[in-house]
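Input: a single structure, listed below in structure tokens.
Convention: sequence-line order gives letters A, B, ...; per-chain numbering from 1.
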2 protein chains.
Amino acid sequence: MWFVYTETPTVGMAAPVRASERAYRQLRGEILDGILTPGAGLLEIEQSARIGVSRTPLRAAIARLIADGLVAGRPGRGFMVTEMSVDSIRELYEVRRALEEHAARIAADRRDPAVFLALRDQFLAAPELLAQGTAGLHRYYDLIDEFDDAVGDAVANPFLVGALATVRTHLARIRRLARGNPDRLRSAATEHLLIIDAIIAGDTSLAAHATHVHLQQSLTNVLAAIQGQPTGPVA
Amino acid sequence: MWFVYTETPTVGMAAPVRASERAYRQLRGEILDGILTPGAGLLEIEQSARIGVSRTPLRAAIARLIADGLVAGRPGRGFMVTEMSVDSIRELYEVRRALEEHAARIAADRRDPAVFLALRDQFLAAPELLAQGTAGLHRYYDLIDEFDDAVGDAVANPFLVGALATVRTHLARIRRLARGNPDRLRSAATEHLLIIDAIIAGDTSLAAHATHVHLQQSLTNVLAAIQGQPTGPVA
DNA sequence: CGAGCATTCTATGTATACATAGGAGCTTCA
DNA sequence: TGAAGCTCCTATGTATACATAGAATGCTCG
């Protein structure tokens with residue numbers, strides 16, 4: 001109606017991004033970035049007006065967010081962003097451990113060595129990357145994403161990849177809390193290297209155990225970071 | 001996923017079921033029962049007319065089914081019930097193994113012995129149950145559900161329970177294929193007993209390994225059953 | 001002054017009308 | 001006769017109007 005479909009900045013992309021997709025991505029991003037804080041109420045009318053779509057696609061977006069576990073419906077009180085308690089973080093890591101260990105084990109069995117050899121070189125350069133400020137930090141997180149994707153490609157199991165994606169969605173909310181601890185990130189890079197070496201060597205057991213150690217360290221760090229700043233880390 | 005929708009399973013209540021909920025349950029049930037076969041196209045108008053709701057709640061239902069992985073959207077050609085190939089069954093069991101082993105391990109650590117002692121008695125009576133025809137068969141499957149619920153209660157982890165629920169949803173579609181093999185079901189009951197004993201004893205390692213064995217046997221049986229009747233088991 | 005109740009208001013749940021894209025089938029031309 | 005283009009048609013995507021339930025609030029009565 002009042003807005004036209006001419007907002008396709010990328011050349012060649014004739015994809016008329018659906019309104020429900022835009023609303024979903026925006027709300028999801030805002031929840032993950034902490035702009036929409038846990039407990040915040042999501043009113044359909046309010047949000048649809050803010051984002052610039054009607055209620056119908058917004059409802060579709062909220063339905064997807066509920067499926068993601070990022071939003072919960074209250075009995076007669078609309079919707080709200082789900083809380084992330086310390087207990088739920090422990091619970092999340094419990095599942096994450098089961099899935100990532102299994103994934104690492106399988107990846108060590110089915111991997112394409114070349115892919116992980118390339119990743120190995122990049123992780124070796126991680127310490128230098130972390131000395132480059134914010135840009136290097138983002139680059140480092142992208143690198144972790146690449147590693148996760150490589151593992152996902154290696155396991156080649158849509159169910160497992162999907163379950164991991166769900167876990168990582170919630171993880172993204174947690175990661176904000178512990179972000180920017182250089183010492184921890186350097187340690188994490190070392191742990192990732194160990195996992196990668198195990199995968200390259202095809203050592204399924206070592207890959208699983210190295211993943212276990214890494215996740216335990218990660219959880220410890222996250223919990224410590226939360227203790228340091230117990231107040232909600234609202235941006 | 002774990003929806004917070006108010007369940008009203010109590011008798012006598014008939015009215016306050018939302019149309020989207022009705023549509024979701026009916027479609028989900030029909031997919032799980034094989035009435036809607038894999039590859040079948042779901043047309044909004046057609047289905048909304050059949051079920052007796054308008055397109056809006058039907059779309060909400062389909063959105064939930066997509067989140068469940070039971071329905072997939074085709075590029076420009078509507079929606080369809082997802083396929084269940086032999087490969088996807090193996091993939092499903094791969095994830096299931098990771099989750100159920102972990103759950104069994106945790107359950108053995110946090111369980112309330114009384115609950116599993118009671119389940120033990122019921123599983124001991126399973127062979128007699130299986131000799132009672134269809135009614136006993138249903139009772140047996142209910143018993144397995146009770147066991148699954150008991151494990152879920154013991155782990156007390158919404159993320160893990162949710163992930164398991166997703167896996168079990170797909171499992172329900174597979175179970176039809178191998179349904180009604182008395183020998184296998186008796187063996188399964190024995191395997192469940194072993195797991196239960198391990199949980200009661202608090203033997204986390206044994207619980208995990210017994211679960212592993214059980215799932216491997218289950219997968220073998222399912223794959224054999226599919227080989228036996230390669231054609232689609234449409235009812 | 002407090003408790004119970006009715007009212008009102010708000011936000012979701014539902015239905016329907018309209019816009020649009022993508023494909024199937026027909027027509028037409030070489 | 002075959003292929004290419006066009007048209008129509010169907011099914012989804014979106015917007016909006018209406019119904020309804022639940023909660024907050026204010027009013028009234030004891």
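- Here CG of B/Leu119 is found 11.5 Å from CD1 of B/Ile144. Values are rounded to the nearest 0.5 Å.
- For the pair A/Arg55 CZ and D/dG13 C1', the interatomic distance rounds to 16 Å; values are reported in whole Å.
- The side chain of A/Phe79 lies closest to C/dT12 when the candidates are D/dG13, C/dT14, C/dT12.
- Following rounding to the nearest Å, B/Arg18 (CZ) and C/dA11 (P) show an atom-to-atom distance of 18 Å.
- The nearest pair of heavy atoms linking B/Ser20 to B/Ala60 is CB-CB, 4.1 Å.
- As rounded to whole Å, 15 Å separates atom C1' of C/dT14 from atom CD1 of B/Ile51.
- Contact annotation: A/Thr56 side-chain N/O to D/dT14 OP1/OP2 distance is not under 4.0 Å.
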Exercise. Just the dot-bracket of DNA chain C, please: which string comes out with Watson-Crick or G-U pairs under 3.5 Å, [ ] for crossing, | for another strand?
Worked result: ||||||||||||||||||||||||||||||
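- For the pair A/Arg74 CZ and C/dG13 P, the interatomic distance rounds to 13 Å; values are reported in whole Å.
- Residue A/Ser20 has no polar side-chain atom (N or O) positioned under 4.0 Å from OP1 or OP2 of D/dG13.
- Between D/dT14, D/dC18, D/dA11, one nucleotide has an atom nearer to the side chain of B/Leu43 than all others, and that is D/dA11.
- Remark: C1' of D/dG13 and CG of A/Leu58 are 15 Å apart, rounded to the nearest angstrom.
- Relative to the side chain of A/Arg59, the nucleotides C/dT12, C/dT16, D/dA11 differ in distance, and C/dT12 lies closest.
- A cation-pi arrangement is present between A/Arg64 and A/Tyr24 under the rule of less than 6.0 angstrom and at most 45 degrees off the ring axis.
- The line from CE of B/Met80 to OG1 of B/Thr37 is 9.5 Å long, rounded to the nearest 0.5 Å.
- Candidate nucleotides D/dT12, C/dG13, D/dA15 were compared by shortest atom distance to the side chain of A/Pro57, and D/dA15 ranks first.
- Cation-pi contact between B/Arg90 and B/Tyr93: absent, since separation from the ring centre below 6.0 Å together with deviation from the ring axis within 45° is not met.
- Put simply, CD1 on B/Ile45 is 15 Å from P on D/dC9, counting in whole angstrom units.
- Side-chain contact, B/Thr220 with B/Arg184: no donor N or O sits under 3.5 Å from an acceptor N or O.
- Using a 4.0 Å heavy-atom distance criterion, B/Ile62 is classed as making no nucleic acid contact.
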Exercise. Passes salt bridge (charged side-chain N to carboxylate O under 4.0 Å, His left out), B/Glu30 versus B/Arg50? Steps please.
Worked result: CA-CA 13 Å; B/Glu30 289 177 351; B/Arg50 185 173 68 89; 2.7 Å; yes
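- Side-chain proximity of A/Glu44 to the nucleotides C/dG13, D/dT12, C/dT16 is greatest for C/dG13.
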